[in-house]
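Data block below; observations after.
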Amino acid sequence: MGAVLCHVSTRQNGRVYVLVRQASGGEFLVDTLDDAGTPIEAARSLTPVAFSSFVSSVEPGTTAPRWVWDNTAHIYPALLAGGIRVQRCHDLRLCHVILKNSALTSTSDLALAAPGRWDLASSPASDQAEARATLFDFDVTSVADGADESSLRELRRQLDAVAGAAEPGRLRLLLAAESAGALIAAEMRYAGLPWRTDVHDLLLTRELGARVAPGARPGRLERLAQRIRSELDDAALNPDSPQELFRALQRAGLAVTSTRGWELKKLQHPVIEPLLQYKKLSRLLSANGWTWMESWVVDGRFHPDYVPGGVVTGRWATRGGGALQLPKQIRGAVVADDGWKLVVADAAQLEPRILAALAQDTSMARAGRGTDLYAGIVSSGVVETRDHAKVAMLGAMYGATTGESGRLMPRLARAYPLAIALTESAARAGERGEVVTTRLGRSSPIPGPGWHESQAQAYDPAATATDERRARSQARDWGRFTRNFIVQGSAAEWALCWMAEIRRELTALTRADAAPGPAGESGRRAAGFGSPGARAPFDSSPHLVFFLHDEVIVHTPAVHADAVARIITSAAETAGRLLFGDFPVDFMLTVAIVDNYAQAK
DNA sequence: GTGATGGGCGCC
DNA sequence: AAAAGGCGCCCATCAC
């Protein structure tokens with residue numbers, strides 16, 4: 001099992017890492033280091049222009065270094081704006097979070113050190129307002145490094161922590177993948193998702209009625225509001241107010257406990273149909289209506305702000321724009337440019353396949369080989385229908401114990417004892433307050449002080465039944481979290497490797513015909529949101545434009561679409577091998593070459 | 001007026 | 001009896 005999973009970098013010309021820091025004056029301090037973090041050349045201080053030239057002079061070739069910097073989101077956008085991409089980086093901030101928490105490095109100096117600036121202001125989620133202002137300017141924050149806080153010191157601590165870990169290969173892969181994710185996030189934001197506002201407007205108008213001033217209700221929505229008012233006999237009712245609505249429903253004799261859609265669905269009353277319609281449409285208007293379009297789509301591109309590592313499990317989050325919640329209703333507005341295509345790929349039943357591989361459950365892996373995994377479970381005779389297979393699997397991964405899912409679980413456990421035992425042991429660990437760890441080494445947080453207090457309280461001789469019930473319930477909650485953590489977190493790792501591999505192969509695909517001129521070219525194409533359409537270095541070659549947990553979109557000149565589809569497919573196989581070596585699990589994809597996103601699936 | 005909170009619902 | 005993992009965003013509401 002302990003196969004070498006990855007090599008970070010080969011030594012070429014002795015240059016392995018180039019550490020980049022920004023000084024308060026705006027200049028860049030550049031240190032060339034070997035793979036132990038030891039400087040091998042005198043450090044240099046470069047102006048922003050000189051720094052750009054330096055990067056573009058070493059970058060396109062096979063000897064490009066791994067750039068080490070505090071925060072990819074601070075430095076990389078400015079390089080992109082100058083038409084410069086880099087192949088590899090090491091994001092100290094993201095890597096710190098992983099290593100600080102990982103059970104694989106728990107005895108390292110890094111893990112044992114007192115919290116410093118790398119812990120305080122550096123967690124991805126707290127990365128508040130580095131937002132849009134910094135996108136096309138170098139972010140010149142003053143970096144007041146104390147001796148223990150310097151980037152060089154931090155890099156060495158990170159390298160030491162990895163070298164001393166039980167599974168250094170896995171951690172190296174994780175850090176490389178996480179950092180590649182940071183590059184991809186910056187690139188996707190910079191390139192943007194092709195977005196046709198005219199199509200979006202058409203879709204909105206068809207659903208809601210003609211566009212009206214912000215704050216007003218479009219015609220169709222207003223008519224639904226009127227119907228709701230008359231059915232509930234309340235001429236002043238504001239259907240946007242859950243409280244008013246709740247009272248009005250009660251008055252109409254409907255025994256509801258909330259105004260949630262799924263609860264309303266079960267009721268028989270003439271108000272229900274227009275009310276559900278209203279909820280659906282008002283959601284569309286407020287979340288992805290004209291206001292959203294005006295603020296997030298610029299020059300035919302949607303530029304979401306991805307936050308790599310923004311979720312404890314390692315999934316990405318977004319900040320503003322809600323890119324990870326694009327409703328199906330408006331995906332038709334995502335349209336490839338003329339002469340271009342979208343290649344939309346989705347990993348089918350990713351999490352159960354990840355679970356099968358994590359648990360080395362060959363039976364479950366076999367059920368998914370070359371086919372829909374849920375269909376495979378059915379044809380193995382475990383359950384009768386695909387729906388049952390799906391519900392049972394989700395229950396196993398999310399921790400359902402009752403209902404249909406709970407009833408089906410025993411059959412799943414009999415057919416796939418290894419997989420189910422793994423989810424159960426992760427749950428038990430969480431219930432005991434222990435940490436669980438993903439395939440590559442990301443560990444779950446420990447529960448907060450309140451959790452431990454409740455548990456301790458339940459063991460107190462004076463504990464009441466309520467204390468015990470609360471403690472048990474919180475323990476089970478945390479167990480469900482850790483149960484899911486190993487699967488969701490390992491799936492996120494697979495997805496990062498998948499994307500990193502796609503990115504690498506895409507650049508190789510067109511490197512010959514789109515070789516950017518070295519220096520000179522940089523700066524000339526510097527583009528802000530104000531410039532039209534596609535941007536260098538992405539204006540002529542296939543590139544990732546969207547990522548959604550287990551799904552990617554590549555925007556590509558039509559001529560390359562088939563090659564892109566093959567790259568995406570083989571990248572999935574590579575990702576599987578990187579995480580799970582020779583274990584025979586398939587990671588199946590659905591791949592579609594389309595003109596707009598709504599045509600996929 | 002601003003900030004925090006919770007309901008509700010979109011995505012995986 | 002109901003119950004499920006992870007998010008972000010908008011709105012109404014309420015405390016300040």
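These numbers come from the heavy atoms of this one structure, side chains and all, not from hydrogens, waters or symmetry mates.
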> To the side chain of A:Glu551, which of C:dG8, B:dG7, B:dC12 is closest?
Replying inline: B:dC12
> Taking only N and O in the side chain of A:Ser286, is any of them less than 4.0 Å away from OP1 or OP2 of C:dC9?
Replying inline: no
>> Taking C:dA3 as the reference, what is the distance to B:dG7 when you measure between their P atoms (whole Å, please)?
In response: 14 Å
> NA contact type, A:Arg476, heavy-atom cut-off 4.0 Å: base, sugar-phosphate, or nothing?
Replying inline: nothing
>> Considering every strand and a 4.0 Å limit on heavy-atom distances, what is the contact class for A:Val312: base, sugar-phosphate, or nothing?
In response: sugar-phosphate
> Picking from B:dG8, C:dC7, C:dG5, which would you name as closest to the side chain of A:Val311?
Replying inline: C:dC7
>> Can you classify the ring geometry of A:Phe587 versus A:Phe580 as parallel (below 30°), tilted (30 to 60°) or perpendicular (above 60°)?
In response: parallel
>> So if I apply the ring pair (Phe, Tyr, Trp, His ring centres under 6.0 Å) rule between A:Phe302 and each of A:Trp195, A:Phe546, A:Tyr597, which one comes out positive?
In response: A:Trp195
>> Side chain of A:Gln243, heavy atoms from C-beta onward: which of C:dT13, C:dA3, C:dA12 has the nearest atom to it?
In response: C:dT13
> What nucleic acid atoms does A:Thr259 come within less than 4.0 Å of, heavy atoms only: base, sugar-phosphate, or nothing?
Replying inline: sugar-phosphate
>> Under 4.0 Å, heavy atoms only, any strand: does A:Leu350 hit a base, just the sugar-phosphate, or nothing?
In response: nothing
> If the C1' atom of C:dA2 is compared with that of B:dG10, how far apart are they to the nearest Å?
Replying inline: 24 Å
> Which listed nucleotide (B:dG8, C:dA12, C:dA4) is nearest to the side chain of A:Asn238?
Replying inline: C:dA12
>> Tell me whether the side-chain N/O atoms of A:Ser241 come closer than 4.0 Å to OP1 or OP2 in C:dT13.
In response: yes
> Counting side-chain heavy atoms from CB outward, which of C:dA4, B:dC12, C:dG5 is closest to A:Lys328?
Replying inline: B:dC12
>> Can you confirm whether the side chains of A:Arg227 and A:Gln277 place a donor and an acceptor under 3.5 Å from each other?
In response: no
> Touch check for A:Ala400, heavy atoms < 4.0 angstrom, all strands: base, sugar-phosphate only, or nothing?
Replying inline: base
> Donor-acceptor pair under 3.5 Å: do we get one between A:Arg315's side chain and the base of B:dC12?
Replying inline: yes
> How close or far is atom C1' of C:dG6 from atom CD1 of A:Ile486, stated in whole angstroms?
Replying inline: 15 Å
> From the list C:dG6, C:dC9, C:dT13, which nucleotide is the closest neighbour of the side chain of A:Asn484?
Replying inline: C:dG6
> Can A:Tyr398 be classed as stacking with the base of C:dG5, given a centroid separation cut-off of 5.5 Å and a plane angle cut-off of 30°?
Replying inline: yes
>> Under a 4.0 Å threshold between the charged nitrogen and the carboxylate oxygen, would A:Glu384 count as salt-bridged to A:Arg411?
In response: yes
> Does any donor-acceptor pair link the side chain of A:Arg283 with the base of B:dC9 at a separation under 3.5 Å?
Replying inline: yes
> Which part of the nucleic acid, if any, lies within contact of A:Gly261, taking any heavy atom under 4.0 Å across all strands shown: a base, the sugar-phosphate backbone alone, or nothing?
Replying inline: sugar-phosphate
>> From the set C:dG5, C:dA12, B:dC12, return the single nucleotide nearest to any side-chain atom of A:Asp550.
In response: B:dC12
>> If you define the side chain from C-beta out and look only at heavy atoms, does anything of A:Gln250 sit under 4.5 Å from A:Arg247?
In response: no
> What's the closest nucleotide to the A:Ser405 side chain, out of C:dA4, B:dG8, B:dC12?
Replying inline: C:dA4
> Does the side chain of A:Val382 reach to within under 4.5 Å of the side chain of A:Tyr416, using non-hydrogen atoms?
Replying inline: yes
> Phosphate oxygens OP1/OP2 of B:dG8: is one of them under 4.0 Å from a side-chain N or O of A:Lys279?
Replying inline: no
> Reckon A:Gly321 touches a base, only the sugar-phosphate, or nothing at all at heavy-atom distances under 4.0 Å?
Replying inline: sugar-phosphate
